[in-house]
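Structure, as structure tokens:
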Amino acid sequence: MRFSAPKGSYDVLPPESAAFLAVRDALSRPAILAGYEYIETPIFEDTALFARGVGESTDVVSKEMYTFEDKGGRSLTLRPEGTAGVMRAVIEHKLHAGQLPVKLWYAGPNFRYERPQHGRYRHFTQVGAEAIGVDAPMLDAEVVALAWDGYRALGLREFRLLLTSLGDSTCRPPYRALLQSFLNRLELDADTRRRVELNPLRVLDDKRPEVQAELEGAPVMVDHLCRDCAEHYDGVRTRLADVGVQWEEAPQLVRGLDYYMRTTFEFVHSGLGSQSAIGGGGRYDGLSAAIGGPELTGIGWALGVDRTLLAMRAEDIALPTRSRVQVYGVPLGAAAAERLFVLVASLRAAGVSADLAYGGRGLKGAMKAADRSGAAYAVVLGDRDIEAGAAALKDLRSGEQIAVPLDALVATIQELLS
RNA sequence: GUGGGUGUAGCUCAGCUGGUUAGAGCACCGGGUUGUGAUCCCGGGUGUCGCGGGUUCAAGUCCCGUCACUCACCCCA
């Protein structure tokens, strides 16, 4: 039996793993700079949390959840997205009882049972940010801008921000009825007719050209916003313009999770084939109440780490390479290896990254390893150096080499590196 | 879940209409040099030809199944 990573999952291996970490850090940094604090919630939650929070009618809940029963007979589900769990934690621990908004960020894996495809995995990693408890257009704009800043910081240029408003409980129901009556007049296949009943907004986002042709002249939500929603949306756009964020109006934009309302957005990139979304989010003012909490507004996003990496590759952006050490020990013989073992420990204690050639390689092999490690300096030590009380310190870029007394090595190296 | 494509070394791939011990480049390991890394020279194949069956005197090559990957649909990060 030869094992392999489960279908739709993948291993993050060096040297690319360095890029994975760098992307995760770059996407979360803007939120950290804006005062968002780190939160970590369980990877599994009560199944009902997602069913109620995300919505029974969504594909995510109806067919993509990894659900299992534990030994105590509880139905648990590996989280398919991050917001519901965060909101649950906020409500459970009454974080909203303090100063608002509650600003949180997180990163980690999510799970959806889907057919794998380029950029679509059953196990995927997202960085998320949520701002809970304040219903202000300015906060919406901040959240969107933080994602924008993260992508820009990575050097991405060919992404677009799609923006719209999905209305709220005042204006969406009448619009929904209006859209349904429009759609019911069209010639549509059975699957699509079913969607008209279940989630008519989703029909607008159908990619099939023949369906799009039918949709000509369909009513769109943004033309039917109530006064409050329209004002809110105007405010968001004004504030986004104030900070230089560029967006495209996307009245057909629909998200896969039921809890979104009002401000809704998606970051798309052309380099990913059909999985074009690299991040998305929106306002979820009804989520808290849907999972049994108080009336509590919120807005947030989730950005795909693996998809962002693919987008960077598509744009030929140089990815951070493997982590390197500054100093590499090259021992000649067992006694020297023992000395160097202690020396690299001292270097590390002094804040200098260091490694040495393990495994009794020959001098040539050890020097090769030093070269590949990317180290600036090699410390070559053999019996005759030990006897002389000095090691050979070699500058691996210039090739120059000097003798340094053993007890002065750490200090000398620190000085050279500063 | 539906349909198409692809699976040969760590990586990228070659292997013609079935034919003998399955190859190349890169990478890797060792040696040239028990005291010096990129170059150079020499040596080393590191392989369940995805897996399982079938056809055949003979299968990496043909057929069936299966698994994985991949592309599109659906959906989404």
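Worth saying up front: this structure is predicted, and the values here are computed from it rather than measured.
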Distance check needed: [N] [atom2] versus [X] [atom1], whole Å only.
{"X": "A:L201", "N": "B:rC76", "atom1": "CG", "atom2": "P", "result": "12 Å"}
{"X": "A:L363", "N": "B:rG31", "atom1": "CG", "atom2": "P", "result": "11 Å"}
{"X": "A:Y328", "N": "B:rG37", "atom1": "OH", "atom2": "C1'", "result": "11 Å"}
{"X": "A:I278", "N": "B:rA77", "atom1": "CD1", "atom2": "P", "result": "12 Å"}
{"X": "A:F265", "N": "B:rA77", "atom1": "CZ", "atom2": "P", "result": "11 Å"}
{"X": "A:H269", "N": "B:rC76", "atom1": "NE2", "atom2": "C1'", "result": "17 Å"}
{"X": "A:R79", "N": "B:rA77", "atom1": "CZ", "atom2": "C1'", "result": "13 Å"}
{"X": "A:E266", "N": "B:rA77", "atom1": "CD", "atom2": "P", "result": "6 Å"}

_Ring-plane angle category for A:F111 and A:H123, please: parallel below 30°, perpendicular beyond 60°, tilted otherwise._
tilted
*Should the ring pair A:W148 and A:F159 be called parallel, tilted or perpendicular, given that the plane angle runs from 0 to 90° and is split at 30 and 60?*
perpendicular
Which part of the nucleic acid does [X] contact within heavy-atom distance under 4.0 Å: base, sugar-phosphate only, or nothing?
{"X": "A:N110", "result": "nothing"}
{"X": "A:G333", "result": "nothing"}
{"X": "A:G365", "result": "nothing"}
{"X": "A:G280", "result": "sugar-phosphate"}
{"X": "A:F267", "result": "nothing"}
{"X": "A:L303", "result": "nothing"}
{"X": "A:G128", "result": "nothing"}
{"X": "A:K368", "result": "sugar-phosphate"}
{"X": "A:R202", "result": "sugar-phosphate"}

Mind checking the [atom1] distance from [N] to [M]? Whole angstroms is fine.
{"N": "B:rG23", "M": "B:rG47", "atom1": "C1'", "value": "11 Å"}
{"N": "B:rU33", "M": "B:rA27", "atom1": "P", "value": "23 Å"}
{"N": "B:rC26", "M": "B:rU20", "atom1": "P", "value": "27 Å"}
{"N": "B:rA38", "M": "B:rA77", "atom1": "P", "value": "49 Å"}
{"N": "B:rG19", "M": "B:rU6", "atom1": "C1'", "value": "26 Å"}
{"N": "B:rU8", "M": "B:rC62", "atom1": "P", "value": "15 Å"}
{"N": "B:rG50", "M": "B:rA59", "atom1": "C1'", "value": "16 Å"}
{"N": "B:rA22", "M": "B:rC49", "atom1": "P", "value": "10 Å"}

Given 3.5 Å as the limit, does a donor-acceptor pair link the side chain of [X] with the main chain of [Y], or not?
{"X": "A:D59", "Y": "A:E64", "result": "no"}
{"X": "A:R160", "Y": "A:Q246", "result": "no"}
{"X": "A:D149", "Y": "A:R152", "result": "no"}
{"X": "A:E315", "Y": "A:R157", "result": "yes"}

Considering Watson-Crick and G-U wobble pairs with both distances under 3.5 Å, what does [N] pair with?
{"N": "B:rC73", "result": "B:rG1"}
{"N": "B:rG35", "result": "none"}
{"N": "B:rU56", "result": "none"}
{"N": "B:rA24", "result": "B:rU12"}
{"N": "B:rU66", "result": "B:rG50"}

Closest to the [X] side chain, choosing from [options]:
{"X": "A:K394", "options": "B:rA77, B:rC74, B:rG37", "value": "B:rG37"}
{"X": "A:P116", "options": "B:rU70, B:rC75, B:rU36", "value": "B:rU70"}
{"X": "A:V380", "options": "B:rC76, B:rG35, B:rG31", "value": "B:rG35"}

_Earlier contact from the 5' end, RNA chain B, for A:R397 and A:T125_ = A:R397
*If you find the nucleotide of RNA chain B closest to A:A5 and the one closest to A:G119, which residue's nucleotide is nearer the 5' end?*
A:A5
*Walk me through it: do A:T263 and A:D140 pass the test side-chain hydrogen bond (donor to acceptor under 3.5 Å, both in side chains)?*
CA-CA 7 Å; A:T263 310; A:D140 295 32; 2.6 Å; yes
Contact under 4.0 Å: [X] side-chain N or O vs [N] OP1/OP2:
{"X": "A:R372", "N": "B:rC29", "result": "yes"}
{"X": "A:K7", "N": "B:rA68", "result": "yes"}
{"X": "A:H118", "N": "B:rC71", "result": "yes"}

*What string of B, S and - do you get for nucleotides 1-8 of chain B, 5' to 3', if B is base contact, S is sugar-phosphate-only contact and - is no contact with any protein heavy atom under 4.0 Å?*
BBB-----
_Carboxylate-amine/guanidinium proximity below 4.0 Å for A:D168 and A:R283_ = no
*With a 4.0 Å cut-off, would you call A:K103 and A:E142 a salt bridge?*
yes
*Could you check A:W105, A:Y284, A:Y36 and say which one makes a side-chain hydrogen bond (donor to acceptor under 3.5 Å, both in side chains) with A:E130?*
A:Y284
_For the residue pair A:R262 and A:Y233, would you count it as a cation-pi contact if the rule is NZ or CZ under 6.0 angstrom from the ring centre and within 45 degrees of the ring axis?_
no
